[in-house]
Amino acid sequence: MYKKSLHSCFARRLSPNIHYSWNTLLIRRKFPTANFIYRSMSDAKTSVNIGGSSVPITVTQQSIEVASILKFKPFEEWVSTLSNKVLTADKKELEINKIEIQNVDYFGSKIGFIKFKVDAKLIENGKSVPGIVFMRGGAVAVLLILRSKDPNDQVLKEHVVITYQPRLPVPSLNFPEIPAGMLDGSGNFTGKASEEIKEETGIEIRDQDLIDLTELAYGDKYRGAYPSPGGCDEFIRLCLCIKEMDHKEVKSLEGKLCGLRDHGESITVGLVELDYLWKIPDMKALSALTLYDALKKNGKL
């Protein structure tokens, strides 16, 4: 009776779309106050529906809260999209057995990154499909082109705004890239892009001045450009902004210190001529440049 009542009490605090099984619970004597604890987070097993099948979720660390992961928007969208792909496939090709959550990193109280492993096999031959996932959600990047006339020769100059900041995974203490930031889940790509431009460079631009290059190129077929689909879910919306500025004002941006210091950002603004952007080893910049050139060639810009 206690176990049944306890299950009902706790279930009211969780999503009705999640299925839980309980192996071991330590219950204090005064049960009506609902004072109880898990012996181990691995004892709380959860499942999600993917393509009509119940796929169990397990954790490898006691500190991982499965309920918070299920509310993490990138994970919600991943489950929903994968389920839809399975349901609409001409034939069932993939068998998904379980999802193992291995690690979670937080930005304050919010989930920042999740690392998990999907146990999936091809039905045809039983071979395992690579299933290690580093989940971080979508991002937005901006190809910001500043046009100005050189006062000496009156020639029109086109400079791209870049940022330099420490990127430890590379590793680099001064990595050049175009301004970018993670999406907030609102779906307002241009709004997030203009916000990132202001934070990282100090330049204010209007949302309506931004052109979504990925939307022009792909429509709704893809959510953006995918830099590493073999191991990461991240997609990047690539936007374009062309801004007319005074030449002196453009030059004054070189070496400007920006970024949100309380967020751990240490950013220095730089400039590179558009014709030489291809020399920047940033995949966002190279992808944006490719789309920019191709869309102009095809008359879409």
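When reading the values below, keep in mind they use all heavy atoms of this one structure, side chains included, and skip hydrogens, waters and symmetry mates. All of these numbers come straight from a predicted model, not from anything done at the bench. We're numbering straight along the sequence, starting at 1.
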Check your understanding: Which pairs pass side chain to side chain donor-acceptor pair (under 3.5 Å) with one or both residues in residues 173-182, sequence neighbours excluded?
Key -> R167-E177, E177-K284

Check your understanding: Under 4.0 Å between a Lys/Arg side-chain N and an Asp/Glu carboxylate O for E76 and K73?
Key -> no

Point to revise | Contacts of N84 that satisfy side chain to side chain donor-acceptor pair (under 3.5 Å) - sequence neighbours left out | key: none

Revision key, fill the gap. Residue set satisfying side-chain contact (heavy atoms from CB on, under 4.5 Å) with K279, at least two apart, ordered chain then number -> Y276

Check your understanding: Can a donor-acceptor pair be found between the side chains of D207 and S194 at a distance below 3.5 Å?
Key -> yes

Review point. Around atom OH of Y222, are there more than 12 heavy atoms of other residues, nucleotides or ligands at under 6.0 Å?
Key: no

Check your understanding: Is the number of heavy atoms from other residues, nucleotides or ligands within 6.0 Å of CD (E124) greater than 12?
Key -> no

Practice item. Quick one: list whatever passes side-chain contact (heavy atoms from CB on, under 4.5 Å) with I123, sequence neighbours left out. Key: K92, E95

**Study point:** Nearest-0.5 Å distance, CD1 of residue I114 to OG of residue S68
**Key:** 7.5 Å

**Study point:** With V133 via side-chain contact (heavy atoms from CB on, under 4.5 Å) - residues at least two apart
**Key:** F116, V118, M135

Review point. What is the distance from atom CG of L277 to atom CD of E158, rounded to the nearest 0.5 Å?
Key: 11.5 Å

Practice item. May I ask you to decide whether D209 forms a salt bridge with K243, counting only side-chain N to carboxylate O separations under 4.0 Å? Key: no

Exercise for review: Identify, with sequence neighbours excluded, every residue that meets side-chain contact (heavy atoms from CB on, under 4.5 Å) alongside T60.
Suggested key: E100, Q102

Check your understanding: Do the rings of F107 and F113 sit parallel, tilted or perpendicular, given the 30° and 60° boundaries?
Key -> perpendicular

